[in-house]
There are 2 protein chains.
Amino acid sequence: MLAYGVRVGDVFKAIADETRRAILDELAERDEQTLFEICGRLAVGHGLASSRQAISQHLEILEDAGLVRTERRGRYKYHFLDTAPLQLIISRWPRPEENNHAD
Amino acid sequence: MLAYGVRVGDVFKAIADETRRAILDELAERDEQTLFEICGRLAVGHGLASSRQAISQHLEILEDAGLVRTERRGRYKYHFLDTAPLQLIISRWPRPEENNHAD
DNA sequence: ACCATACGCAAGCATTTACTTGCACGTCAA
DNA sequence: TTGACGTGCAAGTAAATGCTTGCGTATGGT
């Protein structure tokens, strides 16, 4: 269920960075944000002091990985979280047999 | 449920590399392998021609991330897959609402 | 004891990555 | 149109990363 142009490795590399994980956390907490909103809320809520350009580049990587979808309205660009690509990670390797202690 | 000394970012960075994901695939397919066995089976089954030292360093990173556990017997060191740390990724962000088409 | 085997350590190198810097483009209000 | 605002683009830099190379250590067979 991966969108066209999204390579598998992109998803893994996208979530390998701490700042990008914080961005996903932010969008999970509050969807539909502009670049400036994300910058501000990251600085306040997550203690990250990244520049606008840095966040912009991170968002581009997340979008390429299919983890963030965007929608342009006028001069604003809104960002939405899409966790569907994470299913790749969940389904790739077997679940730990955590119920071995029973029976 | 993370072992001591394992940082969150280590797990994400560990699976960000394609070779390391192939190693996890290999151990999922066949657990309890030595370094040389992994090298050989990676070359044959996954078309990867990585050197022993390269694989060794990857295994160290995977072990630091808690994704691989080891057991030494004589001069052999056996490697085991442990997918428990992956629960971090699964539980961190909300699941996609894929059942919106229903109802 | 000897040597081969299985693995570990550490320095060096090339590529990748995250970030900055400076400028450019499109949108909206006056 | 003018200017401010929100965003995009691209070159340059410093750090991280993956890999190689060479040597070192411990175990086991003969």
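Chain naming here is simple, since letters A, B, ... match the order of the sequence lines and numbering starts at 1 in each. Computed from a prediction, not measured in an experiment: that's the story for all the values here.
- Residue A/Glu32 places its CD atom among more than 12 non-hydrogen atoms of other residues, nucleotides or ligands, all under 6.0 Å distant.
- Between the CG atom of A/Leu48 and the P atom of C/dC19 there is a distance of 9 Å, rounded to whole Å.
- Going from atom CD1 of B/Ile55 over to atom P of C/dA6 covers 16 Å, rounded to whole Å.
- Enclosure of atom CD in A/Gln53 by more than 12 non-hydrogen atoms of other residues, nucleotides or ligands within 6.0 angstrom is indicated.
- At a cut-off of 3.5 angstrom, counting only N and O atoms as typed in the model, there is no donor on one side facing an acceptor on the other between the side-chain of A/Gln57 and the base of C/dT17.
- At whole-Å resolution of the value, CZ in B/Phe36 and P in C/dC7 are 6 Å apart.
- Of the side-chain N and O atoms in A/Lys13, one or more sit less than 4.0 angstrom from OP1 or OP2 of C/dT17.
- Proximity note for A/Ser51 (side chain, C-beta onward) versus C/dT20, C/dA6, C/dC9: the nearest is C/dT20.
- Separating the CD1 atom of B/Ile38 from the C1' atom of C/dC7 is a distance of 12 Å, rounded to the nearest angstrom.
- Between the P atom of C/dC19 and the CD1 atom of A/Ile23 lies a distance of 9 Å, rounded to the nearest Å.
- Across the interface with DNA chain C, nearest-nucleotide mapping of A/Gly74 and A/Thr19 shows A/Thr19 to be the residue nearer the 5′ end.
- Remark on DNA chain C: of its neighbouring residues A/Ala49 and A/Arg75, the 5'-side contact belongs to A/Ala49, judged by nearest-heavy-atom nucleotide.
- Shortest non-hydrogen contact noted between A/Thr19 and A/His58 is CG2-CD2, 3.7 Å.
- For the atom pair A/His46 NE2 and A/Ile23 CD1, the distance stands at 10.0 Å (nearest 0.5 Å).
- With respect to A/Glu18 and B/Arg7, no salt bridge is recorded, no charged nitrogen being found less than 4.0 Å from a carboxylate O.
- Separating the CD atom of A/Gln53 from the C1' atom of C/dG22 is a distance of 9 Å, rounded to the nearest angstrom.
- For a distance-only test at 3.5 Å, the side chain of B/Arg52 qualifies as a donor-acceptor partner of the base of C/dG8.
- When rounded to the nearest whole Å, the span between CZ of A/Arg73 and C1' of C/dC28 equals 16 Å.
- The nearest whole Å value for the distance from the CD atom in A/Glu18 to the P atom in C/dA18 is 12 Å.
- Between the side chain of B/Arg20 and the backbone N or O of B/Leu59, no donor-acceptor pair lies under 3.5 Å.
- Here A/Tyr78 sits in one hydrophobic cluster together with A/Tyr76, A/Phe80; the rule is ILVMFWY side chains under 4.5 Å apart, joined directly or through other members.
- Where DNA chain D meets chain B (any atom under 4.0 Å from a heavy atom), the bounding nucleotides read 5' to 3' are D/dT17 to D/dG28.
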